[in-house]
S.K.: 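So that we are looking at the same thing, I have put the structure below in structure tokens.
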Amino acid sequence: MADELETMQNDNNVTETKTKQDSEIKIQTTNAEIDALPEPTERNWAGKFGYHLGSLLIKSITKFEVRGAENLPKDAPYIIAPNHETYVDGLIAAMGLPKDHFDKFCSLAAKELGESRGWFGKLIMRVGRGIPIDRGGSARQSLMVCIKELKNDNILLIHPEGTRTADGKLGIIKGGTSFIASKADVPIVPAFIDGGYEIFSRHMKWPRPFKGFMKRKRLILTYGKPIYPSDYANSKEMNQALSDWLHYMYNNKEIPREYEHENLEYMQKLAARQKRREQRRTAADSEMGNAEDQRTSL
């Protein structure tokens with residue numbers, strides 16, 4: 001979804017503005033569209049039960065730690081922008097929130113998560129108050145959804161990388177998150193999840209919370225200090241601050257990156273593909289060189 005939000009910065013219909021007044025005008029001119037936008041999924045008893053059960057499981061089977069909770073703004077709205085390592089990062093990122101903040105917590109989610117991913121997908125939508133978005137829809141609609149929910153005093157989860165990491169490395173921090181924060185005039189709370197890739201990466205069908213015989217793996221959630229739009233000249237500078245913080249946290253990880261089981265298999269396959277690609281490139285260069293030699297000899 002961050003890929004779609006990124007394109008908003010090049011959309012002639014939603015140009016970057018410096019004043020809150022101009023931002024308000026643009027929102028007011030689209031009231032009919034805003035009324036038709038999807039709403040966050042209701043967190044009913046199943047969603048609340050799923051959150052408490054999931055939180056209990058994480059705290060029971062991992063050495064879970066929350067840091068920087070004092071950095072959370074006292075009041076909503078704001079954006080939480082964590083790195084993306086696991087299938088349940090939304091749950092993890094919310095586990096340090098006060099109850100009244102968690103009640104306002106919501107997130108963008110692909111519509112198919114609640115439609116074609118079975119009971120687990122539906123439960124995730126309930127837990128995270130997922131806002132169903134059509135991946136093939138317009139980026140403008142995604143932007144409008146985000147601004148609407150922030151204007152409604154919600155706390156919005158956005159992964160600035162856009163997708164879960166495949167190789168365990170931090171991806172490119174795209175500008176959509178900062179653009180939305182700038183347009184809605186709300187702070188970004190950067191967050192870093194350390195250790196998630198080793199526990200439940202995108203390559204795993206089931207979590208691997210133990211190392212050896214019943215030795216729990218560590219999992220650390222850190223909230224950084226809020227990044228306020230008013231402190232930066234534009235959303236690009238704001239995004240650089242977000243990127244700098246996330247890269248600092250990644251480069252100073254406490255939990256070493258380890259490749260085991262499915263993660264190791266993926267890295268081995270990736271290395272094999274890269275080797276084959278390099279061999280094909282070398283062979284092609286060699287053929288071109290031989291052809292050039294033949295033309296020169298003639």
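Side chains are part of it too, since the values below use all heavy atoms of this structure and drop only hydrogens, waters and symmetry mates.
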S.K.: Applying side chain to side chain contact (heavy atoms under 4.5 Å, CB included) to R208 and H261, what does each step give before you reach the verdict?
M.R.: CA-CA 9 Å; R208 291 185 176 273; H261 310 295; 3.6 Å; yes

S.K.: Measuring from S142:OG to I147:CD1, what's the distance to the nearest 0.5 Å?
M.R.: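 It comes to 11.0 Å.
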
S.K.: If you look at every heavy atom in G50 and V127, which pair is closest and at what distance?
M.R.: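 The answer is C-CG2, 3.9 Å.
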
S.K.: Report yes if some heavy atom in the side chain of R164 is under 4.5 Å from a heavy atom in the side chain of F200; otherwise report no.
M.R.: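 The answer is no; the side chains never approach within 4.5 Å.
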
S.K.: Tell me, which pairs form a ring pair (Phe, Tyr, Trp, His ring centres under 6.0 Å) where one or both residues lie in residues 237-256, sequence neighbours left out?
M.R.: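 Sorted pair list comes back empty.
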
S.K.: Answer yes when K99 and D103 have at least one side-chain N-carboxylate O distance shorter than 4.0 Å, and no when they do not.
M.R.: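 Result for this pair is yes, salt bridge flagged.
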
S.K.: Holding to side chain to side chain contact (heavy atoms under 4.5 Å, CB included), I want the full list of residues that pass it with E254, two or more places apart in sequence or in another chain.
M.R.: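 Partners of E254 under the side chain to side chain contact (heavy atoms under 4.5 Å, CB included) test: R67, D194, R218, I220.
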
S.K.: Under a 4.5 Å cut-off applied to non-hydrogen side-chain atoms, are I155 and V189 in contact?
M.R.: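 With C-beta onward as the side chain, the pair stays apart.
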
S.K.: Under 3.5 Å, which donor-acceptor pairs link side chains of residues 223-231 to any protein atom two or more places apart or in another chain?
M.R.:
| residue | atom | partner | partner atom | Å |
| --- | --- | --- | --- | --- |
| Y223 | OH | A93 | O | 2.6 |
| Y223 | OH | G96 | N | 3.2 |

S.K.: Kindly determine whether I131 and C106 satisfy side chain to side chain contact (heavy atoms under 4.5 Å, CB included), including the steps that lead there.
M.R.: CA-CA 7 Å; I131 307 169; C106 62; 4.1 Å; yes

S.K.: Is any side-chain heavy atom of Y51 closer than 4.5 Å to one of S55?
M.R.: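 Yes. Closest side-chain heavy atoms under 4.5 Å.
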
S.K.: Tell me whether K211 is salt-bridged to E260, with the criterion being a basic N under 4.0 Å from an acidic carboxylate O.
M.R.: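 Counted as a salt bridge, because a side-chain N and a carboxylate O are separated by less than 4.0 Å.
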
S.K.: Does K169 offer a backbone N or O that forms a donor-acceptor pair with the side chain of Y197 under 3.5 Å?
M.R.: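 Answer holds: no.
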
S.K.: Once rounded to the nearest 0.5 Å, what's the spacing between atom CG of L91 and atom CE of M95?
M.R.: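 Output value for this atom pair is 6.0 Å.
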
S.K.: Evaluate the criterion side chain to side chain contact (heavy atoms under 4.5 Å, CB included) for residue pair L170 and E161; output intermediate values, then yes/no.
M.R.: CA-CA 8 Å; L170 186 67; E161 295 169 274; 3.6 Å; yes

S.K.: Could you go through the side chain to side chain contact (heavy atoms under 4.5 Å, CB included) check for S201 and T86 one step at a time?
M.R.: CA-CA 5 Å; S201 78; T86 83; over 6 Å; no

S.K.: Below 4.5 Å, heavy atoms only, C-beta onward: do P82 and D89 meet side chain to side chain?
M.R.: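 No, side chains not in contact.
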
S.K.: Is the closest basic N to carboxylate O distance between E262 and R202 below 4.0 Å?
M.R.: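 Answer for the salt bridge query: no.
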
S.K.: Do I124 and M204 sit in one hydrophobic cluster, given that two such residues count as connected whenever their side-chain heavy atoms are within less than 4.5 Å of each other, even indirectly?
M.R.: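 Linked within one cluster.
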
S.K.: If you take all heavy atoms of L108 and L156, which pair is closest and at what distance?
M.R.: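 Nearest pair, atom of L108 first, then L156: N-CD1, 4.3 Å.
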
S.K.: Between CE of M144 and NZ of K183, what distance do you get to the nearest 0.5 Å?
M.R.: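 It is 12.0 Å, given to the nearest 0.5 Å.
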
S.K.: Of the non-hydrogen atoms in A46 and L123, which two are nearest, and what is the gap between them?
M.R.: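 Shortest heavy-atom contact: O-CD1, 3.5 Å.
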
S.K.: Is there a donor-acceptor pair under 3.5 Å between the side chain of K217 and the backbone N or O of G195?
M.R.: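 No.
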
S.K.: Could you list the cluster mates of F49? Members are the ILVMFWY residues connected by side-chain heavy atoms closer than 4.5 Å, either directly or through other members.
M.R.: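 Under the 4.5 Å side-chain rule, F49 groups with L53, L57.
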
S.K.: Is the centre of the Y259 ring less than 6.0 Å from the centre of the Y266 ring?
M.R.: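 Not under 6.0 Å, so no.
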
S.K.: Quick one, T177 and I79 - any side-chain contact, counting heavy atoms below 4.5 Å?
M.R.: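 Heavy-atom side-chain distance check passes, below 4.5 Å.
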
S.K.: Salt bridge between K148 and E39, side-chain N to carboxylate O under 4.0 Å?
M.R.: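 Here K148 pairs with E39 in a salt bridge, since their nearest N and O are under 4.0 Å apart.
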
S.K.: Please check this pair: side chain of K174 against backbone of G176, looking for a donor-acceptor N/O pair closer than 3.5 Å.
M.R.: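 No, because the side chain of K174 does not come within donor-acceptor range (under 3.5 Å) of the backbone of G176.
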
S.K.: Please give me the minimum heavy-atom distance between R257 and K253, naming the atom from each residue.
M.R.: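 Taking every non-hydrogen atom into account, NH1-NZ, 3.6 Å.
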
S.K.: Kindly state each residue pair satisfying ring pair (Phe, Tyr, Trp, His ring centres under 6.0 Å) with at least one member in residues 63-100, sequence neighbours excluded.
M.R.: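 Every pair satisfying ring pair (Phe, Tyr, Trp, His ring centres under 6.0 Å) with a residue in residues 63-100: Y78-H101, H84-H159, Y87-F120.
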
S.K.: Could you tell me whether the side chain of K236 reaches within less than 4.5 Å of the side chain of S178, counting heavy atoms only?
M.R.: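 Counting from C-beta outward, S178 and K236 never come under 4.5 Å.
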
S.K.: Less than 4.5 Å apart, any side-chain heavy atom of L246 and any of P160?
M.R.: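 Yes, side chains in contact.
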
S.K.: For the atom pair CG (L219) and CD1 (I255), what is the distance rounded to the nearest 0.5 Å?
M.R.: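 Going from the CG atom of L219 to the CD1 atom of I255 covers 6.5 Å.
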
S.K.: Would you mind reporting whether N154 and P77 have side-chain heavy atoms less than 4.5 Å apart?
M.R.: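 Side-chain contact under 4.5 Å: no.
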
S.K.: Enumerate donor-acceptor pairs with a distance under 3.5 Å from any side-chain N or O in residues 267-283 to protein atoms, sequence neighbours excluded.
M.R.:
| residue | atom | partner | partner atom | Å |
| --- | --- | --- | --- | --- |
| E278 | OE1 | R281 | NH1 | 2.5 |
| T282 | OG1 | E278 | O | 2.9 |

S.K.: To the nearest 0.5 angstrom, please state how far the CD1 atom of I80 sits from the CG atom of L72.
M.R.: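 Those atoms lie 6.5 Å apart.
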
S.K.: Could you measure the distance from the CE atom of M249 to the CZ atom of F192? Nearest 0.5 Å is fine.
M.R.: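 Taking CE in M249 and CZ in F192, the distance rounds to 6.0 Å.
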
S.K.: For the backbone of G196 and the side chain of E85, can you confirm whether one donor and one acceptor N or O come within less than 3.5 Å of each other?
M.R.: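 Yes, because the side chain of E85 sits within donor-acceptor range (under 3.5 Å) of the backbone of G196.
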
S.K.: Taking all heavy atoms of G130 and all of T41, pick out the closest pair and write down the distance.
M.R.: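 Heavy atoms of G130 and T41 come nearest at O-OG1, 2.7 Å.
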
S.K.: Kindly say whether F210 contributes a backbone atom to a donor-acceptor pair with the side chain of R216 at under 3.5 angstrom?
M.R.: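 Not a single qualifying donor-acceptor pair exists.
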
S.K.: Grab the two heavy atoms, one from I188 and one from A81, that are nearest each other, plus how far apart they are.
M.R.: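 Heavy atoms only, the tightest pair is CG2-CB, 3.7 Å.
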
